[in-house]
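Below: the structure, in structure tokens.
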Amino acid sequence: VQLQASGGGLVQPGDSLRLSCAVSGRTFSRNDDTWAWFRQAPEKEREFVAAIRWRDGRRGIYADSVKGRFTISGDTSLNMVYLQMNSLKPEDTAVYYCAVARFLITSSLRNQERYDHWGQGTLVTVSS
């Protein structure tokens with residue numbers, strides 16, 4: 001299984017950016033799959049950003065720090081997961097990682113240890 005994240009870059013505060021992640025080597029399972037984004041800011045621990053568990057429909061769950069600004073989505077026919085980021089702030093600066101997992105219970109959706117496949121990360125820098 002390989003995940004390839006892309007779309008990062010340098011943007012100004014208030015700008016928007018969309019990250020993409022291509023998942024290959026794995027057949028999508030609507031009943032079992034969860035796709036997610038995490039991020040790691042400089043000198044900080046990696047943290048949960050957003051996740052979408054497909055059996056719950058297309059609604060995602062979000063970290064409080066990004067709720068209302070970020071939207072996770074996916075194209076299951078293409079095995080692509082996206083993170084639309086609006087109203088970016090300097091504190092959103094981080095390396096963003098996509099990840100996938102199966103058979104997650106609700107209480108584990110934000111737990112990075114439950115995700116078994118990860119992308120290489122894409123750097124997002126928000127600065128004026």
Applying side chain to side chain donor-acceptor pair (under 3.5 Å), which residue pairs with at least one partner in residues 119-128 are found, sequence neighbours left out? none

Applying side-chain contact (heavy atoms from CB on, under 4.5 Å) to R30 and not counting sequence neighbours gives F28, W54, T76

Does I105 sit in a hydrophobic cluster with other residues, and if so which ones, taking ILVMFWY side chains as linked at heavy-atom separations under 4.5 Å, directly or through other members? none

side-chain contact (heavy atoms from CB on, under 4.5 Å) against R110, all qualifying residues, sequence neighbours excluded: F48, I61

Does anything in residues 29-128 pair up under disulfide (SG to SG under 2.5 Å), and if so which pairs, sequence neighbours excluded? C21-C98

Please identify each residue that fulfils side-chain contact (heavy atoms from CB on, under 4.5 Å) with S65, with sequence neighbours left out. R39, A63

Pairs in or reaching into residues 76-87: which pass salt bridge (charged side-chain N to carboxylate O under 4.0 Å, His left out), with residues at least two apart or in two chains? none

Applying salt bridge (charged side-chain N to carboxylate O under 4.0 Å, His left out) as the test, list every pair that has at least one member in residues 64-79; sequence neighbours left out. D64-K67, R69-D92

Please list, chain by chain and in numerical order, all residues satisfying side-chain contact (heavy atoms from CB on, under 4.5 Å) with V124, sequence neighbours excluded. L17, L19, M85, Y96, V126

Sequence neighbours excluded - side chain to side chain donor-acceptor pair (under 3.5 Å) pairs with any residue from residues 6-26: S16-N86

Salt bridge (charged side-chain N to carboxylate O under 4.0 Å, His left out) partners of residues 113-128, not counting sequence neighbours, each pair once: none

Residue pairs involving residues 58-93 (criterion ring pair (Phe, Tyr, Trp, His ring centres under 6.0 Å); sequence neighbours excluded): none

